[in-house]
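Throughout, protein chains are lettered first and strands after them, A, B, ... in sequence-line order, and every chain is numbered starting at 1.
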There are 4 protein chains.
Amino acid sequence: MAREKGAKGKESRLRLLHAAARQFAVHGFHTTKVSSIVGEAKLSQPAFYLYFESKEAVFEELVDMFRTSLQAVINDSQLPQQESGQHSILDQLCHTIQSMFEYFYSHPDLTRIGFYQSPDADEIKMELVQGIEKMLRMEQRNGNLSTDMSMELVAECLVGTIERIIFTQLLPGTVSAEQLAIHIVRLYVSGLTRKQSKV
Amino acid sequence: MAREKGAKGKESRLRLLHAAARQFAVHGFHTTKVSSIVGEAKLSQPAFYLYFESKEAVFEELVDMFRTSLQAVINDSQLPQQESGQHSILDQLCHTIQSMFEYFYSHPDLTRIGFYQSPDADEIKMELVQGIEKMLRMEQRNGNLSTDMSMELVAECLVGTIERIIFTQLLPGTVSAEQLAIHIVRLYVSGLTRKQSKV
Amino acid sequence: MAREKGAKGKESRLRLLHAAARQFAVHGFHTTKVSSIVGEAKLSQPAFYLYFESKEAVFEELVDMFRTSLQAVINDSQLPQQESGQHSILDQLCHTIQSMFEYFYSHPDLTRIGFYQSPDADEIKMELVQGIEKMLRMEQRNGNLSTDMSMELVAECLVGTIERIIFTQLLPGTVSAEQLAIHIVRLYVSGLTRKQSKV
Amino acid sequence: MAREKGAKGKESRLRLLHAAARQFAVHGFHTTKVSSIVGEAKLSQPAFYLYFESKEAVFEELVDMFRTSLQAVINDSQLPQQESGQHSILDQLCHTIQSMFEYFYSHPDLTRIGFYQSPDADEIKMELVQGIEKMLRMEQRNGNLSTDMSMELVAECLVGTIERIIFTQLLPGTVSAEQLAIHIVRLYVSGLTRKQSKV
DNA sequence: TATGAATGAGAGTTCATTCAT
DNA sequence: CATGAATGAACTCTCATTCAT
């Protein structure tokens, strides 16, 4: 199976993958018919099975792509050099969130699939929570954050926020990734009370 | 059709409704088979159609129940009249959220359906956002909240948080509705910075 | 599955079973379509799955019926009381073979399936060989048979003969079960040479 | 189409033929996929259609090879001219059967196909029956065989035996072609009764 | 001579839904 | 009020076969 080698084959596979992502994102797994996928990809149904084992298999492939990319984004964005100097509080977190938002924004279908449609969604979000929790803990250790809240709970809250914001603000294009990241971090850091925040 | 009256009929209908809620909550709409619903309700398939027009119809009925109840909870919890003096900031919000959490906790299946499974989930959450936004605006007008953040955005963030917290903290029973409400509101009001809040 | 209880259900199941036997016997497993089975049984395709798990399942059920019945025939026909007196040589074998022939004749479809179409055919025939070998050994011990041939080989030969004779003589109705049994046993006992046999 | 000439072409064709024989012998016609045949032959699917019209066509070609060869074996082995005196009874038959066994043994795949898998199997066996019947009749006319049995029936019995013995004794290599031929003929000629035969 | 890529046709199976009782 | 029995419609997947190179 999947003996394809040449450029044409790879292109067809990609077309199918994109079409599948679109359909799954919009209609969900069950409502998406293989026939619509191949329809959008302008191929016949058997062609689908030339490149994928089953409808489930493509779905999983897409979910894995999302999952892997998301992890990569988190890891890669963690790099910004921690200089000795005064980077304002939580720059790191803000930067990571912005990077994630940028990824989500440029992969809306995968994001919808990975966050909404997949049975693994919970797991994926858990991983996200853990990543964020780690960052929060670090800041906490650095003395930048209050010690009387469970950072795990805060991370959960933040992930919930992120998740929702993606679909109501980011993907519709209402607000930019950067703005969104800034707003959210400021909110979480300083809260809603009058005294101005410094972020 | 066949508007049933007797007690037995009503009971059967209820059994089906509960069974459906359970199945939908656990397996989602498409994966839930009418046969499993009637199986759990210890009735036959035709009996199902004696009480409901279709599989979709029960689902919608359940979603509507959730939607309506949620609205009621919001409205009812809004009542505690603001007495004379200084009730600590955002008591109202905290109370509302706690009431909601209590409702969610006692109706986990409906909650899962209304928040996760339903195509109307977005709408329902929007309504929730609006309710919360209204409250936040009021506090803002009362001078209790910073004016340099969009209360709409904050409401969105808060709803995202609530939504996630329900499934990871509340329903598993890890934290009580009251505690959860307090924590969340404190987080949103005071933020994560060192200086302790008094909420 | 297969919740059928009433008389009508049982009758439908039987109709399907017969139709399946017919179709499998004539066309073999792969060429037989579920659509032809239900066609012959005057039912719709879903009805088929009301009574059987799959096309393979019916097939196996039929094979098992054949296998079991065949064993039963062998066992039951082994009973004829061994009197002290002179029952002519190999009466027992002859009687068993005749009983088998009678069964085959009255269940031609099952026989075709069990002997020709089933992947288990080899096993079934092996069982048959063993049954016959046992009888031959008994006669050998009784001093009725030559000791310089492997009874296992003879049993194999005999089963081959039986198998073929069924389809070319018995089922077409050319020769009766009784006549056939007598001829075969006589042939195997006395051989083809001039000196007359006494059977 | 495309009557190929070159050596490479002929070799590819042969490879396919062998692969097909193997696959058909093991899995039967329907379960054998063209893809497995070309897989075993290390060629691509279109290559298959370069040399054969269809899956059915190869199958028929193989069956025809078997059928023709078998006839040839029978005819050729009939040659050993009956010399002067008393060649022991049924030497001819024994020799023919041995020749056939030798052919079967060296062409196990074709044999399985021609005897088991082909729809023409019945016809092929009928031809075999006729060949053997002719020989038996000749011996009968020569006064070597009893006259009170139908030689047609005996031929049928013998073919059944041969058929089975091939797959349970010959092909597994348990017994040699020569030994097998001797045993069988002795059995059919002298039977199972005590008085020893001299064949 | 050979193949990567593609497809038409069809099979088995599932499921929500209804008929007859 | 309830069910055993049945079905229409649809969907996923397979396979022999061909096109274009």
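Minimum interatomic distance between Ala19(A) and Ile37(A) (heavy atoms only, all atoms of both residues): CB-O, 3.5 Å.
Ring pair Tyr116(A)/Phe167(A) is parallel by interplanar angle, where below 30° counts as parallel and above 60° as perpendicular.
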For DNA chain E, the expected dot-bracket line (Watson-Crick or G-U under 3.5 Å, [ ] crossing, | inter-strand) is .||||||||||||||||||||
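With rounding to whole Å, Glu53(D) atom CD is found 10 Å from dT17(F) atom P. Between the C1' atom of dC19(F) and the CG atom of Leu50(A) lies a distance of 14 Å, rounded to the nearest Å. As a whole-Å value, the separation of Phe48(A) CZ from dA6(E) C1' is 15 Å. Between Glu56(C) atom CD and dT13(E) atom C1' there is a gap of 13 Å when expressed in whole angstrom units. Between the CZ atom of Arg15(D) and the P atom of dT1(E) there is a distance of 13 Å, given to the nearest Å. Here the P atom of nucleotide dT12(F) and the NZ atom of Lys55(A) are 5 Å apart, to the nearest Å. Between the CD atom of Gln45(A) and the P atom of dG8(E) there is a distance of 11 Å, rounded to whole Å. Atom-to-atom, NZ of Lys10(C) to P of dA6(F) comes out at 14 Å; the value is rounded to the nearest Å.
Of the possible donor and acceptor atoms, none in the side chain of Gln117(D) sits under 3.5 Å from a partner among the backbone N and O of Arg112(D).
The closest side-chain heavy-atom distance from Phe29(C) to Ile113(C) is not below 4.5 Å. Within the 4.5 Å cutoff, the side chain of Ser69(C) has no heavy atoms near those of the Leu110(C) side chain. In this structure, Leu16(B) and Val58(B) have side chains that are not in contact, with every pair of non-hydrogen atoms separated by 4.5 Å or more. Under the 4.5 Å side-chain criterion, counting only non-hydrogen atoms from C-beta, Phe66(B) is not in contact with His107(B).
Distances shorter than 4.0 Å separate some side-chain N or O of Tyr51(D) from OP1 or OP2 on dA2(E). Using a 4.0 Å cut-off, no side-chain N or O of Ser44(A) falls inside it from OP1 or OP2 of dG8(E). Taking side-chain N and O atoms only, Ser12(D) has no distance below 4.0 Å to OP1 or OP2 of dT1(E).
Using a 4.0 Å cut-off between a side-chain N of Lys or Arg and a carboxylate O of Asp or Glu, Arg67(A) and Glu60(A) do not qualify as a salt bridge. Arg15(A) and Glu40(A) are not joined by a salt bridge, as no carboxylate oxygen comes within less than 4.0 angstrom of a charged side-chain nitrogen.
Within residues 22-39 of chain C, the residues having any heavy atom closer than 4.0 Å to DNA chain E are, in order of number, Thr32(C), Lys33(C), Val34(C).
In the displayed structure, Lys33(A) atom NZ is contacted under 6.0 Å by more than 12 heavy atoms of other residues, nucleotides or ligands.
Nearest to the side-chain atoms of Tyr49(B) among the listed nucleotides dA2(F), dT14(E), dT17(E) stands dT17(E). When the nucleotides dG8(F), dC1(F), dT17(E) are ranked by their closest atom to the side chain of Ser54(B), dT17(E) comes out on top. Comparing dT17(E), dT1(E), dA6(E) against the side chain of Lys8(A) picks out dA6(E) as the nearest. Candidate nucleotides dT3(F), dT7(F), dT18(E) were compared by shortest atom distance to the side chain of Ala47(B), and dT3(F) ranks first.
Each of Leu43(D) and Lys42(A) was matched to the nucleotide of DNA chain E holding its nearest heavy atom; the match closer to the 5' end belongs to Leu43(D).
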